[in-house]
Trainee: 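This structure is in structure tokens; I'll ask about it shortly.
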Amino acid sequence: QVELKESGGGSVQTGGSLRLSCEAPAFVVGRWCMGWFRQAPGKEREAVASLEPGGVGTYADSVKGRFTIAKDNGDTILYLHMSNLRPDDTATYYCAAGPTFLCALDMSEQPRRFGAWGKGTLVTVSS
């Protein structure tokens with residue numbers, strides 16, 4: 001069982017920034033497909049960004065240009081740098097890991113295909 005642990009959530013005002021972190025085993029980050037997902041109250045979980053082992057990131061249209069997915073040099077932490085936050089970014093954010101082919105899937109398919117999940121960290125953006 002792969003253990004993932006998110007941190008870095010909090011409350012910010014519109015236009016603010018946050019950096020989320022996801023601690024993972026060293027054999028996961030850098031070798032698997034890693035993703036950030038979010039779920040707002042009353043809504044389905046959606047993909048935010050994914051990172052291939054080679055370092056190529058893919059983003060949902062709603063966050064392009066504002067969010068950046070990255071990993072540390074030690075391949076043990078996955079980050080999500082979020083800037084210019086908006087109230088509709090309010091959600092619980094989850095880190096997930098899975099086989100590399102998942103990064104090639106349409107982002108609408110990803111939430112149901114990833115098998116390893118963290119417990120989430122809450123991000124609240126106020127206007």
Side-chain angles (χ1 to χ4, degrees):
Q1 186 74 13
V2 175
E3 290 191 7
L4 306 173
K5 184 178 180 181
E6 304 93 339
S7 62
S11 297
V12 295
Q13 293 187 327
T14 297
S17 300
L18 282 174
R19 186 184 74 172
L20 304 184
S21 299
C22 172
E23 296 178 40
F27 65 85
V28 172
V29 180
R31 294 188 183 183
W32 293 21
C33 176
M34 302 294 298
W36 283 100
F37 298 79
R38 67 186 181 186
Q39 188 167 16
K43 295 187 177 181
E44 293 186 354
R45 190 170 298 187
E46 63 176 359
V48 174
S50 62
L51 186 69
E52 298 176 10
V56 177
T58 303
Y59 299 91
D61 288 343
S62 60
V63 306
K64 281 181 182 176
R66 301 188 299 122
F67 291 11
T68 302
I69 189 171
K71 61 182 180 68
D72 73 320
N73 289 333
D75 286 352
T76 59
I77 304 176
L78 181 73
Y79 297 109
L80 185 67
H81 301 269
M82 306 186 295
S83 62
N84 195 19
L85 285 161
R86 311 183 306 215
D88 61 358
D89 294 317
T90 295
T92 297
Y93 284 72
Y94 299 89
C95 171
T100 56
F101 79 88
L102 295 181
C103 277
L105 294 180
D106 188 276
M107 297 191 87
S108 63
E109 293 292 322
Q110 289 180 342
R112 74 193 77 180
R113 301 294 296 273
F114 276 77
W117 294 87
K119 294 183 178 180
T121 185
L122 179 63
V123 172
T124 303
V125 185
S126 59
S127 58

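When a residue number appears, it is its place in the shown sequence, counting from 1. When reading the values below, keep in mind they use all heavy atoms of this one structure, side chains included, and skip hydrogens, waters and symmetry mates.
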Trainee: Apply ring-ring contact (aromatic ring centres under 6.0 Å, His included) to Phe37 and list each qualifying residue two or more places apart in sequence or on a separate chain.
Mentor: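 Counting only residues at least two positions away or on another chain, Phe37 forms a ring-ring contact (aromatic ring centres under 6.0 Å, His included) with Phe114, Trp117.
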Trainee: Can you list everything that forms a side-chain hydrogen bond (donor to acceptor under 3.5 Å, both in side chains) with Asn73? Sequence neighbours excluded, please.
Mentor: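 Residues passing side-chain hydrogen bond (donor to acceptor under 3.5 Å, both in side chains) with Asn73: none at all.
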Trainee: If hydrophobic clusters are built from ILVMFWY residues whose side chains come within less than 4.5 Å, do Leu78 and Met82 share one?
Mentor: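 Same cluster.
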Trainee: Can you see which heavy atom on Lys43 is nearest to which on Gln39, and at what distance?
Mentor: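 Answer, listing the atom of Lys43 first, then Gln39: O-NE2, 3.1 Å.
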Trainee: Nearest 0.5 angstrom please: Met34 CE to Cys103 SG, how far?
Mentor: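 Going from CE on Met34 over to SG on Cys103, the span is 9.5 Å.
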Trainee: With the 4.5 Å side-chain cut-off for hydrophobic clustering, are Val12 and Leu80 part of the same group?
Mentor: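 Yes, Val12 and Leu80 fall within the same hydrophobic cluster.
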Trainee: Minimum heavy-atom separation for Thr14 and Pro87, please, with both atom names.
Mentor: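 In this case the closest contact between Thr14 and Pro87 is OG1-CD, 3.4 Å.
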Trainee: Applying side-chain contact (heavy atoms from CB on, under 4.5 Å), can you list everything that pairs with Gln13, at least two apart in sequence or on another chain?
Mentor: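 Checked Gln13 against side-chain contact (heavy atoms from CB on, under 4.5 Å); matches are Ser126.
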Trainee: Show your working on side-chain contact (heavy atoms from CB on, under 4.5 Å) between Ser17 and His81 and close with a plain yes or no.
Mentor: CA-CA 8 Å; Ser17 300; His81 301 269; over 6 Å; no
Trainee: Provide the closest heavy-atom pair for Met107 versus Ala47 in the form atom of the first, atom of the second, distance.
Mentor: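 Reported closest heavy-atom pair: O-CB, 3.5 Å.
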Trainee: How far apart are the closest heavy atoms of Leu4 and Ala97, and which atoms are they?
Mentor: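 Reported closest heavy-atom pair: CD1-N, 3.8 Å.
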Trainee: Consider only side-chain heavy atoms of I, L, V, M, F, W and Y, link residues closer than 4.5 Å, and tell whether Leu51 and Leu102 are in one cluster.
Mentor: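 Unlinked, Leu51 and Leu102 end up in two clusters.
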Trainee: Which residues pass the salt bridge (Lys or Arg N to Asp or Glu O under 4.0 Å) test with Asp72, not counting sequence neighbours?
Mentor: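 Asp72: no salt bridge (Lys or Arg N to Asp or Glu O under 4.0 Å) contacts found.
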Trainee: What is the distance from atom CG of Leu20 to atom CG of Leu18, rounded to the nearest 0.5 Å?
Mentor: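 Result: 6.5 Å between the selected atoms.
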Trainee: Any donor and acceptor pair, going by atom type alone, linking the side chain of Glu6 with main-chain N or O of Cys22 inside 3.5 Å?
Mentor: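 Absent.
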Trainee: Would you check if Gln110 and Ser50 make a side-chain contact, meaning some heavy-atom pair closer than 4.5 Å?
Mentor: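 The answer is yes, as the side chains (C-beta and beyond) meet within the 4.5 Å cut-off.
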Trainee: Would you confirm whether Thr90, through its side chain, and Val125, through its main-chain N or O, come within 3.5 Å as a donor-acceptor pair?
Mentor: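 Side chain of Thr90 to backbone of Val125: a pair is present.
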Trainee: Which atom pair, heavy atoms only, marks the closest approach of Gly30 to Asp75?
Mentor: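 Reported closest heavy-atom pair: CA-OD2, 3.9 Å.
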Trainee: Answer yes if Val29 and Phe27 sit in the same cluster of Ile, Leu, Val, Met, Phe, Trp and Tyr residues linked by side chain heavy atoms under 4.5 Å apart, and no otherwise.
Mentor: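 Yes, it is one cluster - the side chains of Val29 and Phe27 are joined through contacts under 4.5 Å.
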Trainee: Would a hydrophobic clustering, with Ile, Leu, Val, Met, Phe, Trp and Tyr connected at side-chain separations under 4.5 Å, put Tyr94 with Ile77?
Mentor: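 Result: no, two separate clusters.
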Trainee: Would you mind listing every salt bridge (charged side-chain N to carboxylate O under 4.0 Å, His left out) that reaches into residues 18-37, with sequence neighbours excluded?
Mentor: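 Salt bridge (charged side-chain N to carboxylate O under 4.0 Å, His left out) check on residues 18-37 returns no pairs.
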Trainee: If you look only at distance, which donor and acceptor atoms sit under 3.5 Å apart when one is on a side chain in residues 52-69 and the other is two or more places apart or in another chain?
Mentor:
unit_1	atom_1	unit_2	atom_2	d
Tyr59	OH	Ile69	N	2.9
Asp61	OD1	Lys64	NZ	3.1
Ser62	OG	Arg38	NH2	3.4
Arg66	NH1	Asn84	O	3.0
Arg66	NH1	Asp89	OD2	2.7
Arg66	NH2	Ser62	O	2.8
Arg66	NH2	Asp89	OD1	3.0
Arg66	NH2	Asp89	OD2	3.4

